[in-house]
There are 2 protein chains.
Amino acid sequence: MARPRKPLLSRDRIVEAASALVDAEGLDAVSTRRLAAELGVSGPSLYNHFRNKDEILDAVADAVSAQVDLSMFDESDGRDWQHALHDWAVSYRAALAEHPHIVPVLAQGPGRRPAGLRVADAAFGAMVRAGWPPAQATYIGALMRYFITGSALGSFARGFVDDETAYDPADYPHLGQAHLLADRRQQVDEGAFETGLRALLDGLALQYEQGRAAHTVRPAPKRS
Amino acid sequence: MARPRKPLLSRDRIVEAASALVDAEGLDAVSTRRLAAELGVSGPSLYNHFRNKDEILDAVADAVSAQVDLSMFDESDGRDWQHALHDWAVSYRAALAEHPHIVPVLAQGPGRRPAGLRVADAAFGAMVRAGWPPAQATYIGALMRYFITGSALGSFARGFVDDETAYDPADYPHLGQAHLLADRRQQVDEGAFETGLRALLDGLALQYEQGRAAHTVRPAPKRS
DNA sequence: ACCTGAACACCGTTCAAGT
DNA sequence: ACCTGAACACCGTTCAAGT
């Protein structure tokens, strides 16, 4: 069997199988040979559809970005920018939490991934419409992404080890034993995310008001 | 030459060589064979000092965490918690920016890395001394880490590609061409970091005041 | 166009053997 | 205790060959 009359593979099938493998067994489990075997073909076949393995993982990451809800940025939605940002952040984080093993790939900037760029574009556009100057709108998109991907990647729940002996209280006087319980760790992740998100939105609201005030009460001198 | 009278290797020498290799050529360039060659020994020798390759990379990451300045958390410093957090964040990010290739390893939670844990411990302790309830202090340490590692990892400057054709304006109506210039991208990273850090600190200050008010003006009913 | 097996130049890790 | 070479079971990718 050299070339079948109907192609055995497609980019979509490959991405689907790769995603399942990443979710089930982690990034390290994905080898071209293993993935090909999962698809019932031989390793080199993949190279008819992707230039290399990194492109496959990029596509897996982008499929996750495509799951992020962006409807809160619709003009017809009527929510203010703070609520839109909040709902977006929650949806974004939830999408990443469903596929934690691919987050290290996804977190490395939007790169040339279409869905990742669409996410950035939607947030930026909504902030500009809400009255943010374009430069600030760009910053907001980026800093929200920093916080959200950072929280998905640096999760306390996944970052600690289930071995109390690794954490000698003499070395870390303040980190109580309580932090080390798995339940407590997940609580920390949620609390930190909610606290951070609230702080970010409150802080941005302050900057937004200051911008308004500068514009209306004491308008900047016009220069061209 | 089987066993030399003076050991050829040490954990420190290995970490030093691995760090240099990671910085110069990236994570992918680090193989046990390549690293051993760099040190003038054969591959398996490394296993006398580290259990496996991951432990070596963990040690490289931890060496970076050890570079983070923590002196702003000293009791004698006299700065308030907001300025301490600010200076810490800036120093933390600068340390990561000097070794960008190891950030994906470092960002995955503090795990069992001693220096990473010391950083978390210092921030937590300082927040508690400043009057934050322990639960909130934990959240602050975690959320600051999310934001800082996220910004080091998801940098716009490193995430985009130097190929304008990859970004069709028809697909991303709001992302102007200006974002694609290398200079502009670095500016975005700095602006986003500063804007986000300011928002976080302002937002946390608001929560701090609310906590104070709840405590003094309308004290919570004592139970136990 | 799309799949194959063979091949190349690598991997991480184990282990018996040497001193 | 600490290094070695040999070996095992893998890798990612290229390429000529097949239809």
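Residue numbers start from 1 in every chain, and the chains themselves are labelled A, B, ... in the order their sequence lines are given, proteins ahead of strands. What you see below is based on every heavy atom in this structure, not just the backbone, and it leaves out hydrogens, waters and symmetry mates.
- In this structure, B:Arg11 atom CZ and D:dC2 atom C1' are separated by 15 Å, rounded to whole Å.
- Between A:Glu16 atom CD and A:Leu21 atom CG the span is 13.0 Å, to the nearest 0.5 Å.
- Only the C1' atoms considered, D:dC15 is 13 Å distant from C:dC3, to the nearest whole Å.
- Contacts of A:Ser31 with the nucleic acid, taken as non-hydrogen atoms under 4.0 Å apart, involve only primed sugar atoms and P, OP1 or OP2.
- Checked against a 6.0 Å centroid threshold, the rings of B:Phe147 and B:Phe193 count as neighbours.
- Contact annotation: A:His49 side-chain N/O to C:dA1 OP1/OP2 distance is not under 4.0 Å.
- With a cut-off of 3.5 Å on both Watson-Crick or G-U wobble distances, the partner of D:dG12 is given as C:dC8.
- Nearest to the side-chain atoms of B:Pro44 among the listed nucleotides D:dC3, D:dT4, C:dC3 stands D:dT4.
- Distance from the side chain of A:Pro7 is smallest to C:dC2 among C:dC2, D:dT13, C:dG12.
- Taking atom NZ of A:Lys6 as the reference point, atom P of C:dA1 lies 18 Å away to the nearest angstrom.
- Rounded to whole Å, the distance from CG on B:Leu46 to P on D:dG5 is 14 Å.
- Closest to the B:Arg34 side chain, of the nucleotides C:dC11, D:dT4, D:dT13, is C:dC11.
- When distances are taken from the side chain of B:Asn48 to each of C:dT4, D:dC2, D:dA7, the shortest belongs to D:dC2.
- Across the protein-nucleic acid pair, A:Glu25 atom CD and D:dC10 atom P stand 13 Å apart, rounded to whole Å.
- Rounding to whole angstrom units, OH of residue B:Tyr47 and P of C:dG12 are separated by 6 Å.
- Salt bridge annotation for A:Arg34-A:Glu25: present, with a cationic side-chain nitrogen under 4.0 angstrom from a carboxylate oxygen.
- Checking C:dT13, C:dC3, D:dC3 against every side-chain atom of B:Asn52, the shortest atom distance belongs to C:dT13.
- Note: CZ (A:Arg33) to P (C:dC8) measures 14 Å, nearest angstrom.
- Looking only at distances, no side-chain donor or acceptor of A:Ser155 sits under 3.5 Å from a matching main-chain atom of A:Ala152.
- The listed nucleotides are D:dG12, D:dT4, C:dT4; the one nearest the side chain of B:Ser42 is D:dT4.
- Here B:Thr32 does not reach the OP1 or OP2 of C:dC11: none of its side-chain N or O atoms lies under 4.0 Å away.
- Side-chain N or O atoms of B:Asp62 include one that pairs as donor or acceptor with a backbone N or O of B:Gly116 at under 3.5 Å.
- Computed from coordinates, the B:Phe50 CZ to D:dC3 P distance equals 13 Å when rounded to whole Å.
- Per the geometry, CG belonging to A:Leu35 stands 14 Å off C1' belonging to D:dC11, to the nearest Å.
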